[in-house]
Amino acid sequence: NLNPKSVKIISKIHFNLLEIVEILNQIYAAPLIFLLSSNLINLISSSYELLSFFVSSDRNLQQLGFLIFVNSGNIYAFSLLFGTAICCITATKEGERVLENCHQILQFQTDEKYERKLRILMQQLKHSKLEFSCLLFKFNWKLVFDIFGTMASYLIILIQFDNSLWKLK
């Protein structure tokens, strides 16, 4: 149940969150870009090596252990990244949900002063969304799916160009 006082509190909370998101975007943009690029390259190459191991006839258990160790580190890094993405996406969706709730409350409002404050809050929520970014791109589901799509594409390219791996004997 929103009243004029709670609208003012929500507005202050929203602006505080915007400041926090901006600080986080500035602090973590470069490390996230580095983490994404290095782990993507690492995961593609180690996945290719793991696939090559299972296809080749000369298998070595030491090599398998090393490949599993390398891939587990990459999978751990990507799971942290995926968890971060889920948190960022959830925060963005919650901000959108507050705007939707304000729209619903506005339909039943009769007090002009309260309606004006609510409309101002809605404009603020609409024009200053909580969005996490890494300078170059927004941190959302599209980014997560693009990462996995890119990884699959490059893995397929590596497989296609390695003729020695797939020669029939």
>> If the threshold is 4.0 Å, N to carboxylate O, is there a salt bridge linking E115 and R119?
In response: yes
> Nearest 0.5 Å, what's the CD1-CG distance between I13 and L18?
Replying inline: 12.0 Å
> Which residues satisfy the ring-ring contact (aromatic ring centres under 6.0 Å, His included) test with F82, sequence neighbours excluded?
Replying inline: W141
>> Closer than 3.5 angstrom, by distance alone: can the side chain of S11 be matched with the main-chain N or O of L121 as a donor-acceptor pair?
In response: no
> In chain order, what residues pass the side-chain contact (heavy atoms from CB on, under 4.5 Å) check against K138, with sequence neighbours excluded?
Replying inline: E131, N140
>> Nearest 0.5 angstrom please: E19 CD to I23 CD1, how far?
In response: 6.5 Å
>> Could you check whether any side-chain heavy atom of L106 comes within less than 4.5 Å of a side-chain heavy atom of M122, counting everything from C-beta outward?
In response: yes
>> For S133, is there any backbone N or O sitting under 3.5 Å from a side-chain donor or acceptor partner on N25?
In response: yes
> At their closest point, which heavy atom of C88 faces which heavy atom of F139, and how far apart are they?
Replying inline: SG-CD2, 3.6 Å
> Can you list the other members of the hydrophobic cluster that holds Y76, where links are side-chain heavy atoms under 4.5 angstrom apart?
Replying inline: L80
>> As an exercise, state the distance from OG1 of T92 to CD of E94, rounded to the nearest 0.5 Å.
In response: 10.0 Å
>> Test side-chain hydrogen bond (donor to acceptor under 3.5 Å, both in side chains) on Q107 and H103; report intermediate values, then the result.
In response: CA-CA 7 Å; Q107 293 174 356; H103 275 290; over 6 Å; no
>> Show the nearest heavy-atom pair for residues L155 and I44, with the distance to one decimal.
In response: CD1-O, 3.7 Å
>> I'd like to know whether CD of E112 has more than 12 heavy-atom contacts from other residues, nucleotides or ligands below 6.0 angstrom.
In response: no
> Are I157 and M151 joined in one hydrophobic group, where the rule is that I, L, V, M, F, W and Y side chains link up if heavy atoms are under 4.5 Å apart?
Replying inline: yes
> For the hydrophobic clusters of this structure (ILVMFWY residues joined by side-chain heavy atoms under 4.5 Å, transitively), does one cluster hold both L143 and F34?
Replying inline: no
>> Side chains of Y114 and I105, heavy atoms from C-beta outward: is any pair under 4.5 Å?
In response: yes
> So do F132 and V21 actually touch side chain to side chain, heavy atoms under 4.5 Å?
Replying inline: yes
> Where the side chain of H14 meets the backbone of S128, is there a donor-acceptor pair that is under 3.5 Å apart?
Replying inline: yes
> Between I20 and I89, is there a shared hydrophobic cluster once you connect ILVMFWY residues whose side-chain heavy atoms come closer than 4.5 Å?
Replying inline: yes
>> If I take atom CZ from residue R97 and atom OG1 from residue T90, how far apart are they, to the nearest 0.5 angstrom?
In response: 11.0 Å
> Can you tell me how far NZ of K113 sits from CG of L118, rounded to the nearest 0.5 angstrom?
Replying inline: 14.0 Å
> Taking only residues two or more places apart in sequence, or in another chain, which ones meet E100 in a salt bridge (Lys or Arg N to Asp or Glu O under 4.0 Å)?
Replying inline: none
> Looking at CG of L17 and CD of E22, how far apart are the two atoms once the value is rounded to the nearest 0.5 Å?
Replying inline: 13.0 Å
>> Run the side chain to side chain donor-acceptor pair (under 3.5 Å) test against E49 and tell me which residues pass, sequence neighbours left out.
In response: none
> Between L24 and F15, is there a shared hydrophobic cluster once you connect ILVMFWY residues whose side-chain heavy atoms come closer than 4.5 Å?
Replying inline: yes
>> Please give me the minimum heavy-atom distance between K129 and L125, naming the atom from each residue.
In response: CG-O, 3.7 Å
> Side chains of T150 and Y154: does their closest heavy-atom pair fall under 4.5 Å?
Replying inline: yes
>> If the condition is side-chain contact (heavy atoms from CB on, under 4.5 Å), which residues does S45 pass it with, not counting sequence neighbours?
In response: N42
